[in-house]
Amino acid sequence: MKRCLIIVNFLLLSAVAAGETNYAFRARMAELHPRRLIENAKPLASDEMSVDKTWSIVVEGADENGVMNHAADDLRDYFHKSMNVRLGKGTRNSIVLAVDPALEPLQSKVSAEERDGAKTIRITGVDAREVYQGCCRLEDLMNRRGMPAVKKGEKTFTRMFSPRMTHSGWEIEKYPDEYMDQIVHAGMDSIIVYIEKSPDITRNGRSDINELIKRAKKRGLDVYAYANFPVEAAKFHPLDAGAREYYDKIYGGIVKNAPGLKGLICVGESVAFKSRHPGTVSFWWADAKTRKEGMPVNGFYPSPDWKEWLELVSDVTRAYNKDFEIIFWTYNWSRSPVEKRLALLESIPTNVIVNVTFELGSPVRYHDGVEMQAQDYSITESGPSEVFVSEVEVCRRRGIKLCSMVNSGGRTWDFGALPFEPLPHAWLKRFRNVRSAREKCGLAGLMESHHYGFIPNFIAEIAKCVYTRETDENAVYDKLEEIASREFSKECAKTVISGWSDWSEAFRWHSALWFDQYGPLRTGPSYPFTLPGVVMPDPPDPQYEYYGGVKHGTGWKYLSKFYQCNTDQLVGRILTDETEIALLESGNRKLEAALASVPEPKRERALRVIGYGKYMLATVRTLRNARRYRLEGLKGENASRATLAGILQEEADNVRELMPWVERDSSLGFEPAMRYVTDVKMLKWKLKQLENEKRNLERKDSK
């Protein structure tokens, strides 16, 4: 055992030394078809057929938007790079791609047969999009097999949800071709682009939306716009004189500029208007003096006149595209009285799509008397919440198409700068409940991410598996073992899965309260420490504005100025942090022990997974230390300077321990809108900030 630990520590120390420049992880995102041959794969069985250079790809029938030809090119690239097979042209054996309108919606088939000495793999879909999805399913089958072989016979794949939408995890509003192909391979079918100013100003400046739509259509992807211009939107109530002309300019103008858009996502805080309802007041970005205590600000309340607003927005957008979709997201009033929320849903037009956040609105849970509630997107709750259940029942009864924000791209707001949360057991609960919601209440579409975007990961692979109608319970567990074997090795797969189980269990104790999601969890270990009442320092390279142009100091975005944890529960929350830390440490130890049996070609992938665990652990330690620092600091002049200095030293050690892991994996500490909040530069800045804080304590002692 001792020799094994020595080997593991040597492997960790030697491997972590290798560095990676910022943004280098995008090269992995762009690698659509890595090598997938398994060296010790079982020999070809009698009921299988293999693909070699004697095969070619044939596209049959009309090909709208060139989707099937693109799918054929993608498949050729797969065989070449992943399976080391160069397909030919006009050969006897063929892979045939064709549309079969007799199939069910969202359905594709992979059929393999041999007749008169000729072998054929036929990939069909109900439309060209599903043909491409079918090609991706063939890749999945061969990846699992570890060789370019497939069983004879027919397999059917029916996707359970559409749209499946995601923001960009590459860079805000940026979708390179190879990244869009990754989105398709993950089973998603739609992308989202923020519109900050009508008709084409995004969070990344003016964009050629039509060019994006053209490239997306080639891949069978729809493009949705996300309306995010609250100040511009708020000028008119829909019944005001001149409202129709103004709404046509800002909402209709988006569709007029890009009629190929699929739809517009509208959430209260981003499209609020001058409500005539006496239950709301002012707007969230306005001067605080305009608000009244106890009254919700405009956009955060289900006022009845959203009905008129939806009718007008639907009219002006559909004047330019009769099939245009309006997705109405109820997120901002999930905490409003149930009778007000449901009354609005009873009144709205049925030709819109309602989007309900899956887990928000769950009852407060308690661990050892400590409040544990998901206040924003979190995997600490599997859902569905009481809010979701109540709202979807109205939509189901009224025949309104239903979508849900479920984050099944693998990333929530539980960590701000982790590429995804590798908690398969926690995610499986969410995925099963989402699947059940389709059967029970007609859930049709999904939003897979918000703000943070999607980076290809194995949690999304599990989601694709669960969100396929033909998948049974055993197939899900087989998928988990397949992933553990691929990322580490078959010999240690059970150990790895046990480690992931510990990580998942840790999240039962994870805080999803707003002051943590907008505090230490947002940035991770780069989060600066200050005594209660002291504003945190600005970051070294301020690039980001705080909400719609209102700057917070000169830098931090989506971060509170102070750490504001409720003081009466600090002690209890520190204890829940300790429990979470212990479980994360246990999972880390198991994965580190498994590394000894990982062959050299897989070691890099395994180390990246271990790095995710290190990042989660370091972030939760930072959260705990921030709470401890606040708790002691609240004693004022009675605070122990030695205790405060000791916490600062523990945090410095925590930062140093994480630094080599962040240095070796450039996906850690990155978030598409904020970019790098926890890279090596930021961690070095944090260490200096801790030193400054320690000197401030020493100066107080000397007075």
Side-chain angles (χ1 to χ4, degrees), residues 25-26 28-30 32 106 129 132-133 136 159-195 202-204 207 209 212-213 215-228 261-265 267 325 327 329 331 353 355-358 377 379 403-421 427 430-431 434 443-468 667 670-673:
F25 74 93
R26 287 178 177 162
R28 296 194 293 275
M29 289 176 69
L32 186 62
L106 307 181
R129 166 190 280 176
Y132 192 5
Q133 289 286 343
C136 298
R159 297 192 301 122
M160 299 179 72
F161 300 101
S162 184
R164 288 187 60 190
M165 304 176 279
T166 182
H167 289 282
S168 175
W170 184 283
E171 179 182 346
I172 53 171
E173 322 315 342
K174 297 298 182 183
Y175 292 91
D177 289 348
E178 56 270 30
Y179 176 54
M180 283 198 282
D181 288 326
Q182 289 278 20
I183 290 170
V184 175
H185 281 64
M188 302 177 195
D189 61 16
S190 303
I191 59 176
I192 306 170
V193 58
Y194 269 75
I195 301 294
T202 74
R203 292 181 298 176
N204 217 329
S207 177
I209 306 296
L212 175 63
I213 292 170
R215 290 190 295 113
K217 280 186 175 180
K218 185 178 179 181
R219 293 159 172 82
L221 292 171
D222 291 321
V223 181
Y224 285 85
Y226 186 106
N228 193 47
L261 281 169
K262 184 70 172 178
L264 185 68
I265 301 167
V267 63
E325 297 178 354
I327 298 181
W329 193 357
Y331 164 84
I353 299 171
N355 187 41
V356 185
T357 308
F358 198 69
Y377 317 110
I379 194 57
C403 285
S404 184
M405 168 58 175
V406 296
N407 283 299
S408 47
R411 192 173 195 170
T412 66
W413 286 28
D414 291 311
F415 290 106
L418 184 69
F420 71 103
E421 287 139 28
W427 280 111
R430 167 74 57 85
F431 297 158
V434 170
L443 178 60
L446 307 177
M447 185 180 284
E448 307 276 359
S449 69
H450 183 56
H451 178 75
Y452 289 152
F454 163 70
I455 291 178
N457 64 82
F458 62 76
I459 296 299
E461 290 182 56
I462 298 171
K464 179 180 177 180
C465 181
V466 178
Y467 295 164
T468 301
S667 73
F670 172 83
E671 186 272 319

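When every heavy atom of E173 is checked against every heavy atom of S168, the shortest pair comes out as N-CB, 4.2 Å. Summarising the geometry of I353 relative to C403, their closest heavy-atom pair is CG2-SG, 3.7 Å, with the distance given to 0.1 Å. Nearest heavy atom pair, residue N355 against residue M405, reads OD1-N, 3.3 Å. Nearest heavy-atom pair, N407 versus W427, reported as atom, atom and distance to 0.1 Å: O-CH2, 3.1 Å. Considering every non-hydrogen atom in both T166 and G453, the closest pair reads OG1-C, 4.4 Å. The minimum heavy-atom distance between W170 and P176, with the atom names listed, is CE2-CG, 3.5 Å.
E171 has its side chain within reach of R26: a pair of non-hydrogen atoms, C-beta onward, lies under 4.5 Å apart. Side-chain contact between S408 and Y467 is present, with at least one heavy-atom pair separated by less than 4.5 Å. For the pair F161 and L443, the minimum side-chain heavy-atom distance is below 4.5 Å. Looking only at side-chain heavy atoms (C-beta outward), R411 and I455 come within less than 4.5 Å of each other. Contact of the Y179 side chain with the K174 side chain is not registered, since no non-hydrogen atoms from C-beta on lie closer than 4.5 Å. Taking the side chain as every heavy atom from C-beta outward, P456 and H185 never approach each other to under 4.5 Å. Between V184 and C136 there is a side-chain heavy-atom pair separated by less than 4.5 Å. Contact check for R219 versus I183: no side-chain heavy atoms found under the 4.5 Å cut-off.
The backbone N or O of R164 lies less than 3.5 Å from a partner atom in the side chain of D189, making a donor-acceptor pair. No donor-acceptor pair under 3.5 Å is formed between the side chain of Y194 and the backbone N or O of H451.
Residues D222 and R129 are paired through a salt bridge, judged by an N-O separation under 4.0 Å between the basic side chain and the carboxylate.
Checking Y226, F358, Y331 one by one against H450, the ring-ring contact (aromatic ring centres under 6.0 Å, His included) holds for a single residue, Y226.
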If you apply the rule side-chain contact (heavy atoms from CB on, under 4.5 Å), what do you find for I192 with M447, and how did you get there? CA-CA 9 Å; I192 306 170; M447 185 180 284; 4.3 Å; yes

Applying side-chain contact (heavy atoms from CB on, under 4.5 Å) to M180 and I191, what does each step give before you reach the verdict? CA-CA 8 Å; M180 283 198 282; I191 59 176; 4.0 Å; yes

Using the side-chain contact (heavy atoms from CB on, under 4.5 Å) rule, take F454 and E448 through it: C-alpha gap first, then chi angles, then the decisive distance, then the call. CA-CA 8 Å; F454 163 70; E448 307 276 359; over 6 Å; no

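Between the OH atom in Y175 and the NE2 atom in H167 there is a gap of 7.0 Å [rounded to 0.5 Å]. Note: Y377 OH to S449 OG = 10.5 Å, rounded to the nearest 0.5 Å. To the nearest 0.5 Å, the span separating CD1 on I459 from CD1 on I379 amounts to 8.5 Å. A distance of 11.5 Å separates CG in D177 from CG in L32, rounded to the nearest 0.5 Å. The distance from the CD1 atom of I213 to the NZ atom of K262 is 12.0 Å, given to the nearest 0.5 Å.
When only modelled atom types and interatomic distance are considered, N204 and T202 share no side-chain donor-acceptor pair under 3.5 Å.
Note: Y452 and W413 meet the aromatic proximity criterion, with ring centroids under 6.0 Å apart.
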